[in-house]
Amino acid sequence: MSIPVRIFAACVGLGLAAVTVEAIRARVAEADLVRVAALAEIGEVVSDEAIARASGDAAAMAREDRCGPFAVRAGTSVLMIGLDRSVGEDEAPGPEQLQEARAFLRHAVRCSPGDGNLWIRLALVEQALGAAADAQAGLITTAARLAPAEPATLAARIVFWVESDPETRRLARTALRSDLATLLAHAAPGDIVALLTNPPDDVQGDVLAVLARLDPQRRAALIAAGFDWFGDFDPDVTLRSGI
């Protein structure tokens, strides 16, 4: 072998070694990310430092355009936990933290475009950042289409609807009404009371319209559980009103 060829081969070997080490580093970081998320999701005590480290690993995934379904879901979990922990009684997450979450979640929906949970998390972050109503409406409509009845995702969408502005709700009213119908027909009464104790004025008519079409026994069970903010309720009058 000539000297130039030997030198070239050595360079190639060093390059491959660097790529391999980087790949191993990324895999180790992703494994730690999944581990931290799994512990947090089952209720184990996870330190703020561990959440911050895992959030950094998630951000690196987005920057390096790495996909992996388990790591993407885990990254979403730790970033959302980090946002929740950063919120005080009268505080909101900082803009830099929200921007980091947005960057990761935009990457996540490109990696797993069929995962409705990712779309609702992105919608919630865009809502917190004050995105345009049509952008928010598009995200929440996609989330509802992809995961119409998954309990945790549905609950997150109801939180979004309650907190959203009237224009977003107007633009995505079909999805809103579908979510309300699913919630009132299938969710546990206690969960419904917690999520819809005092809905926004422009949502109240939609809630009453769904309630009027429910099976009378189901409607009675909800009212008995405390879902009664509307006072006296006559379903026939509501239906005749064309709400």
*Shortest non-hydrogen contact from Leu154 to Pro148?*
CD1-O, 4.3 Å

*Look at Arg173 together with Asp206 and state whether they make a salt bridge at an N to O cut-off of under 4.0 Å.*
yes

*Beyond-backbone contact of Leu124 with Leu83, side-chain heavy atoms, under 4.5 angstrom*: no

*asked:* To check you understand the geometry: which heavy-atom pair defines the closest contact between Arg219 and Ala212, and what is its length?
replied: NH1-O, 3.3 Å

*Out of curiosity, does Phe160 fall in the hydrophobic cluster containing Trp119 (side-chain heavy atoms, cut-off under 4.5 Å, transitive links)?*
no

*Under the salt bridge (Lys or Arg N to Asp or Glu O under 4.0 Å) criterion, do Arg35 and Glu44 qualify, and how do the steps go?*
CA-CA 11 Å; Arg35 181 186 64 83; Glu44 294 288 334; over 6 Å; no

_Less than 4.5 Å apart, side chain to side chain, heavy atoms only: is that true for Val36 and Arg53?_
yes

*Out of curiosity, does Leu118 fall in the hydrophobic cluster containing Leu139 (side-chain heavy atoms, cut-off under 4.5 Å, transitive links)?*
yes

*Does the side chain to side chain contact (heavy atoms under 4.5 Å, CB included) test come out yes or no for Leu196 and Val162, once each step is laid out?*
CA-CA 8 Å; Leu196 284 177; Val162 170; 4.2 Å; yes

*Hey, any chance Phe70 and Ile51 share a hydrophobic cluster, counting ILVMFWY side chains that come within less than 4.5 Å of each other, even indirectly?*
no

*Closest non-hydrogen atom pair, Ala128 against Leu98*: CB-CD2, 4.0 Å

_Check whether Thr142 reaches the backbone of Gly138 with its side chain - one donor and one acceptor, N or O, closer than 3.5 Å._
yes

_One pair to check against side chain to side chain contact (heavy atoms under 4.5 Å, CB included): Met61 and Leu33. What are the steps and the verdict?_
CA-CA 10 Å; Met61 277 186 66; Leu33 174 59; 3.8 Å; yes

*Hey, does the side chain of Ser178 reach the backbone of Ala175 with a donor-acceptor pair shorter than 3.5 angstrom?*
no

_Nearest-0.5 Å distance that lies between atom CG in Asp57 and atom CG in Asp32_ = 6.0 Å

*Out of Arg121, Gln136, Arg106, which one pairs with Glu126 under the side-chain hydrogen bond (donor to acceptor under 3.5 Å, both in side chains) rule?*
Arg106

_Quick one: does any side-chain atom of Thr153 pair with a main-chain N or O of Ala149 as donor and acceptor, under 3.5 Å?_
no

*Taking the side chain from Gln204 and the backbone from Pro199, do they hold a donor-acceptor pair closer than 3.5 Å?*
yes

*Ignoring hydrogens and geometry, is there a side-chain-to-backbone donor-acceptor pair from Arg213 to Ala209 under 3.5 Å?*
yes

_Minimum side-chain heavy-atom gap Asn198-Trp229 below 4.5 Å_ = no

*Got Leu211 and Leu180 here, is their nearest side-chain heavy-atom distance under 4.5 Å?*
no

*Rounded to the nearest 0.5 Å, what's the gap from CG on Asn117 to OG on Ser112? Could you check?*
10.5 Å

*With distance as the sole criterion, is a donor-acceptor pair present between the side chains of Thr168 and Asp165 under 3.5 Å?*
yes

*Arg169 versus Pro200: any side-chain heavy-atom pair under 4.5 Å?*
yes

*Please name the pair of heavy atoms, one in Phe227 and one in Val207, separated by the smallest distance, quoted to 0.1 Å.*
CZ-CG1, 3.8 Å

*Should Arg110 and Cys67 count as side-chain neighbours, where that means a heavy-atom distance under 4.5 Å?*
no

*Report the C-alpha distance between Val46 and Val78 in whole Å, list the side-chain angles of each, state the deciding distance to 0.1 Å, and finish with yes or no for side chain to side chain contact (heavy atoms under 4.5 Å, CB included).*
CA-CA 10 Å; Val46 179; Val78 298; over 6 Å; no

_Spatial distance of atom OG1 (Thr76) from atom CG (Leu122) [nearest 0.5 Å]_ = 9.5 Å

*Would Leu208 and Leu195 show up in the same hydrophobic cluster when neighbours are defined by side-chain heavy atoms closer than 4.5 Å?*
yes

_Joint hydrophobic cluster, Val72 plus Ile81, side-chain heavy atoms closer than 4.5 Å_ = yes

_Within-4.5 Å side-chain heavy-atom neighbours: Met80 and Val125_ = yes

*Kindly determine whether Asp115 and Val109 satisfy side chain to side chain contact (heavy atoms under 4.5 Å, CB included), including the steps that lead there.*
CA-CA 7 Å; Asp115 190 334; Val109 297; over 6 Å; no

*Could you check if a side-chain atom of Arg177 sits within less than 4.5 angstrom of a side-chain atom of Val210, using non-hydrogen atoms only?*
no

*How long is the span from the CG atom in Leu176 to the CG atom in Leu171, to the nearest 0.5 Å?*
12.0 Å

*Which heavy-atom pair separates Glu100 from Ala59 by the least distance, and what is that distance?*
OE2-CB, 3.8 Å

*asked:* I'd like to know if the side chain of Gln97 and the backbone of Gly82 have a donor-acceptor N/O pair within less than 3.5 Å.
replied: yes

*How long is the span from the CZ atom in Arg85 to the CG atom in Asp48, to the nearest 0.5 Å?*
5.0 Å

_Trace of the side-chain hydrogen bond (donor to acceptor under 3.5 Å, both in side chains) decision for Ser77 with Glu41_ = CA-CA 8 Å; Ser77 291; Glu41 287 172 1; 2.3 Å; yes

*For Ala58 and Leu79, work out which heavy atoms get closest and say how close.*
CB-CD1, 4.1 Å

*At what distance, to the nearest 0.5 angstrom, does NE2 of His107 lie from CZ of Arg66?*
8.0 Å

